[in-house]
Amino acid sequence: METDDALDGAPTADTAARVREVIAAAGVSQREFARRVVMDPSKLSRSLSGTRRFTAAELARIADEGRVDAGWLLGTRSREKAAAPTAGVEGGRPLQIVRETVRLIAEHGFHAVRVADIARACATSSAAIHYHFPGRAELLEAAVRWCMDEDTARRAARLAEADDAAAELRQLIALQTPRTAQQRRQWAVWLDLWAEAARSTAVGRLHSEYYRQWRETVADVVRRGVGQGVFRAGLDPQAAALTLTALIDGLATHVLSVGGASSAAAADAMHAALTTHVTDTILAP
């Protein structure tokens with residue numbers, strides 16, 4: 001099993017050019033490519049511009065996504081990938097690792113997840129995990145970033161279906177109500193990471209940034225609704241977003257604390273309470 005030492009040499013300006021080739025061949029935007037390799041888009045941008053060097057693990061994930069040899073990115077090997085992509089793994093090995101990490105966090109908690117547990121879930125070795133994500137902190141940060149990206153993509157898709165801001169707000173409330181197993185897993189991860197945010201760790205800062213973006217999304221919807229005349233005139237978008245997101249957080253916490261058959265009733269009650277709040281304080285009379 002290869003480790004990071006297999007990527008001999010250091011990233012150079014030519015490495016950035018080769019990564020650009022891989023992105024171009026993928027036929028997607030730079031931001032979408034960053035999402036696929038579970039990398040901070042700003043770090044990818046700085047690495048491509050030469051103000052930051054790619055890490056060996058980042059190049060391993062880029063090579064996996066681009067189906068090229070990691071050594072080629074460093075200029076030490078031919079372009080062809082030495083082995084075929086991981087058979088039966090949707091999105092490649094890095095995304096499989098991240099998805100399993102998210103599942104384990106939801107089931108067992110942030111601090112209970114070990115690299116050995118993730119390797120077992122992926123039917124691989126700890127060395128293979130470290131090849132793509134050298135440290136546990138980097139892996140957990142990648143898992144949080146993947147959750148953020150997936151959540152953002154789902155919101156964008158649902159908002160695109162709405163006819164006006166009122167419909168957009170209803171879509172957001174539906175997405176945030178933990179009815180399905182997937183929604184409950186997502187909320188379990190967010191609740192577990194709030195404690196990390198309070199400690200100002202790297203993952204916590206990322207989580208805080210996500211919440212800033214989430215509240216801004218709600219504020220933008222409110223702002224559009226006021227402009228369309230479907231929301232109350234003079235409504236403060238930022239204040240309305242802060243109140244609504246706080247209600248969502250508190251009510252979702254209650255839903256997740258209720259187990260068994262009662263959880264469905266709790267989710268219904270949460271949705272009804274949020275709908276009533278929007279009707280009474282946001283929608284135009």
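Side chains included, hydrogens not; waters and symmetry mates left out as well; all remaining heavy atoms used.
- The distance from the NE2 atom of His111 to the CZ atom of Arg136 is 7.0 Å, given to the nearest 0.5 Å.
- Under 3.5 Å, the side chains of Gln186 and Arg154 contain a donor-acceptor pair of N or O atoms.
- Applying the salt bridge (Lys or Arg N to Asp or Glu O under 4.0 Å) criterion to Asp249, with sequence neighbours excluded, gives no partner residue.
- Closest heavy-atom contact between Val226 and Phe231: N-CB, 3.8 Å.
- Residues Arg20 and Ser49 come closest through the heavy atom pair NH2-N, 4.2 Å.
- Leu251 has its side chain out of reach of Val255: every pair of non-hydrogen atoms, C-beta onward, lies at least 4.5 Å apart.
- Here Ile62 contributes atom CD1 and His132 contributes atom NE2; the two are 11.0 Å apart, rounded to the nearest 0.5 Å.
- The minimum heavy-atom distance between Met270 and Pro178, with the atom names listed, is SD-CD, 3.6 Å.
- Closest of all the heavy-atom pairs between Ile97 and Ala128 is CD1-O, 4.4 Å.
- Taking 4.5 Å as the limit, some side-chain heavy atom of Leu59 sits within range of a side-chain heavy atom of Val19.
- Atoms CD and CZ, from Glu65 and Arg36 in turn, are 5.5 Å apart once rounded to the nearest 0.5 Å.
- Of the charged side-chain nitrogens involved, none lies within less than 4.0 Å of a carboxylate oxygen, so that Asp149 and Arg145 do not count as a salt-bridged pair.
- Between the side chain of Thr177 and the main chain of Ala267, no donor-acceptor pair closer than 3.5 Å is present.
- Side chains of Gln96 and Arg93: a donor on one and an acceptor on the other come within 3.5 Å.
- Here CZ of Arg232 is found 9.0 Å from CD1 of Ile282. Values are rounded to the nearest 0.5 Å.
- Screening residues 252-266 for side chain to side chain donor-acceptor pair (under 3.5 Å), with sequence neighbours left out, gives no hits.
- Looking at every heavy atom in both residues, Ala57 comes nearest to Pro134 through CB-CD, 3.2 Å.
- In terms of hydrophobic clustering, with Ile, Leu, Val, Met, Phe, Trp and Tyr side chains grouped at heavy-atom distances under 4.5 Å, Leu175 and Val102 are assigned to different clusters.
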Requested in this report: Give the intermediate values and the outcome of side chain to side chain contact (heavy atoms under 4.5 Å, CB included) for residues Val22 and Trp72.
Outcome: CA-CA 11 Å; Val22 172; Trp72 173 76; 3.9 Å; yes

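- Within the structure, every pair that satisfies the salt bridge (charged side-chain N to carboxylate O under 4.0 Å, His left out) test and touches residues 172-184, not counting sequence neighbours, is listed here: Arg179-Asp268.
- Of the inter-residue distances, the one linking Leu73 atom CG with Thr15 atom OG1 reads 7.0 Å to the nearest 0.5 angstrom.
- Residues Val115 and Phe133 are not in side-chain contact: their nearest non-hydrogen atoms beyond the backbone lie 4.5 Å or more apart.
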Query raised in the report: Can you list the steps and then say if Leu44 with Phe54 is a side chain to side chain contact (heavy atoms under 4.5 Å, CB included)?
Result: CA-CA 8 Å; Leu44 176 59; Phe54 288 102; 3.7 Å; yes

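- Using a cutoff of 4.0 Å between basic side-chain nitrogens and carboxylate oxygens, Glu32 and Arg35 are scored as salt-bridged.
- Contact check for Ser45 versus Gln30: side-chain heavy atoms found under the 4.5 Å cut-off.
- Between His277 and Thr243 there is a side-chain heavy-atom pair separated by less than 4.5 Å.
- The side-chain heavy atoms of Arg114 and Arg120, taken from C-beta on, include a pair separated by under 4.5 Å.
- Under the 4.5 Å side-chain criterion, counting only non-hydrogen atoms from C-beta, Gln238 is not in contact with Leu242.
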Query raised in the report: Yes or no on side chain to side chain contact (heavy atoms under 4.5 Å, CB included) for Leu139 and Val113, after CA distance, side-chain angles and deciding distance?
Result: CA-CA 11 Å; Leu139 173 55; Val113 178; over 6 Å; no

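- Atoms CG and CE, on Leu206 and Met148 in that order, are 4.5 Å from each other to the nearest 0.5 Å.
- A tilted orientation is assigned to the rings of Tyr211 and Trp194, their planes being inclined by 30° to 60°.
- Between Leu172 and Trp214, the closest side-chain pair of non-hydrogen atoms falls below 4.5 Å.
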**Report entry** salt bridge (charged side-chain N to carboxylate O under 4.0 Å, His left out) between Arg212 and Glu209, worked out
**Finding:** CA-CA 5 Å; Arg212 185 194 66 77; Glu209 174 60 18; 2.7 Å; yes

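- Note on Val28: it clusters hydrophobically with Val68, by side-chain heavy-atom contacts below 4.5 Å among ILVMFWY residues.
- Closest non-hydrogen pair, Val189 versus Cys147, comes out as CG1-SG, 4.2 Å.
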Report task. Carefully, step by step, assess Asp151 and Gln176 under the rule side chain to side chain contact (heavy atoms under 4.5 Å, CB included). Result -> CA-CA 10 Å; Asp151 190 52; Gln176 295 300 314; 4.0 Å; yes

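- Ion pairing between a basic and an acidic side chain is recognised when a charged N comes within 4.0 Å of a carboxylate O; Asp64 and Arg61 show no such pairing.
- Heavy-atom contacts from other residues, nucleotides or ligands closer than 6.0 Å to CZ of Arg31 number 12 or fewer.
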